[in-house]
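Residue numbering restarts at 1 for every chain, and letters A, B, ... go by the order of the sequence lines.
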Amino acid sequence: MSQISVRNVSKHWGVMAAVEAVTFEAAQASLLVLLGPSGCGKSTTLRLIAGLEEVSDGRIFIGGEDVTDLPPARRHISMVFQSYALFPHLSVAENILFGLKVRKTPKADRSRRLERVASLLGLGAQLERKPSQLSGGQQQRVALGRAIIAETPVCLMDEPLSNLDAQLRAEMRHEIRTLQQKLGITMVYVTHDQSEAMSMADQVILMREGRVEQAAAPDHLYARPATAFAARFIGTPPMNILTLSPGDDGTVIAGSQARILSQPVEGLLLGLRPEDVTLGGEGIAARVLNAEYLGADTVLTCAVGSQALTTRISGKATSAPDAAVRLAWRPENLHFFDAASGHRRDDVAAFAATDPGGSTQKRLA
Amino acid sequence: MSPARLRTHLHGWLLLLPAAVLLAAFTYYPAIATVLDSFFSTPRGARPSIFVGLDNYQAMVQDPIFWRALDNNILYSMSTIPLTIALALLMAVWVNGKIAGRPFLRMAFFTPTVLPMIAVANIWVFFYVPGYGLVDQVLGLFGLPAHNWLGNEHTALACLIVVAVWKDAGFFMIFYLAALQQIPPQLREAAALEGAGRWYFFRRVTFPLLMPTTLFVLINAVINSFRLVDHIIVMTRGGPDNATALLLFYIYQVGFKFWDTAYAATLTVVLLALLAMLALGQFLFLDRRIHYQ
């Protein structure tokens, strides 16, 4: 059963369209991530679900009820803001209890729930402090506490971890996901960080310029990006997007003799993940441009014709700049996109040449 | 001290000198002189001033007009301060919201502050003129009789209170408006999600967060209420029968109409002590209850 349903929702400010005909559904007790670069409309979409902005068009359903015209308080949701929005003059306990006091929850019930939330988030020792006396991570926990004490079925999160340092972010990411699963909350989570989306989400809605670029589970998004934009947005380092040009007997990487397709096709882009490219063997000839050592692996940037191609190899690379190398890949790891529209082109994959990536030959032999 | 250091010191003192001279001549010397004068008699013609100890203070305690002025001033303060602050806050909250013609409203509320006090007082004198003043004209529409607002012992002080509230509320509104804009809008959204109404949010969040501003405004309002003299000179001259004599006006009268400078100095010392006590009390009492960001 879908807990949240966003149907054909648009938001316009004058002539500017912030969100355009967005449709998606979030299943009960799942974590849905709205992902995209800044200004893509993901936060606006979240605010529309929360009721902090009015939709220009479309309907929003929460728990089967049409909430499009309801005020935020009647949508049975809680929300964590990017800035945490803690009340600076109130103690941690008062901050967490704010909503319960508004709704005049009985005192015994309040203290029982506060105790539970405080122990759940490890805030027991900080309850009497003011937000300004807490670290960023603790403030984040208080904001989280204020959201979960309401025990609403839906929780909205607007880039909740963007003000934390990298290590804390990874910790909190895990903690939020655990909490969400433990409490069975339906969560809509906004972020611009693709690694957050990949590690936490049941479903990712990738947005771009106010529209949904692709809606899919993280593994699907990674394995079969629908557009060149989606392909580049997911994964670090991002997918290589190479321009292809029709050659004498098929399609080659622009400026090289590396044959990719056995048929000549115009206006095509090739997508290839760095981790799918291997070094050595009988692959295509390339020249090393630069090596970036990251500890566990090295990102090697190589020139193929007029295009640059990154590859990720484990350990420290021995290849010096300007060295000649050979690069290979499996044909099933190739992604094709239309150069004009950016859309995925699976129709041409059938023509994938069997000779440029040496691994194909090895596999056949 | 080496010549270089000496020169640095010399330059420092030279730079300080103009400000120090002005402060000493117009603030410190008069303040100290006033306190000293309050222990001496007023020099008159052939009689030079002599040390009289606390005689001036004793005379003050027995002076019915001083008590009348103090009573008037307390009544005036107790009514203008809460009214002004409440009105300032109300206007600030209103013009901070999303309403049509907001810049115009802000300007309109602030205008009384910009106008010269003497001009303002004159305009209000016309409003209060019996029979054909604005107030009586409006009341006349409802069939009410003409009334000598400023000439009546019972209404004169109230008339001055109205003018003071009208004049100061816009000024204090600006401080509240600035403070309101410091409150992040996410707080309102977070409260709205929890179902907090406007009044609840104001009571639990906005008002406590405005407390530093309220303290500042309160101290200024107290000082203003003990400092009023120009309106009285233009509108009532303390009359009728001292009904509108406030402390500072009485000091002015004693000092510059009756030329009893020693007694005026005594009254000034008392007024200053009163103000210092009030300001200190406010800081000590309220400061601990205020959340500063």
Checklist entry - Ion pair present between Arg141(A) and Glu175(A), side-chain N to carboxylate O less than 4.0 angstrom? => result yes
Checklist outcome for this item: The interface call for Lys101(A) against chain B, heavy-atom contacts under 4.5 Å, is both
Checklist entry - Using the ring of each side chain (for Trp, its six-membered ring), is Phe98(A) parallel, tilted or perpendicular to Tyr200(B), with breaks at 30° and 60°? => result perpendicular
Checklist outcome for this item: The interface call for Arg47(A) against chain B, heavy-atom contacts under 4.5 Å, is side chain
Next on the checklist: Given heavy-atom pairs under 4.5 angstrom as the criterion, report whether the side chain, backbone, both or neither of Arg204(B) touches chain A.
Outcome noted: both
Checklist entry - Where does Leu100(A) contact chain B at under 4.5 Å (heavy atoms): side chain, backbone, both or neither? => result neither
Checklist entry - So, Glu151(A) and Arg113(A), do they make that salt bridge, N to O below 4.0 Å? => result yes
Item to check | Approximate separation, where rounding is to 0.5 Å, of Leu228(B) CG and Asn73(B) CG | outcome: 8.5 Å
Next on the checklist: Tell me whether the rings of Phe172(B) and Phe175(B) are parallel (<30°), tilted (30 to 60°) or perpendicular (>60°).
Outcome noted: tilted
Checklist entry - Which bit of Phe81(A) comes within less than 4.5 Å of chain B, counting heavy atoms only: side chain, backbone, both or neither? => result side chain
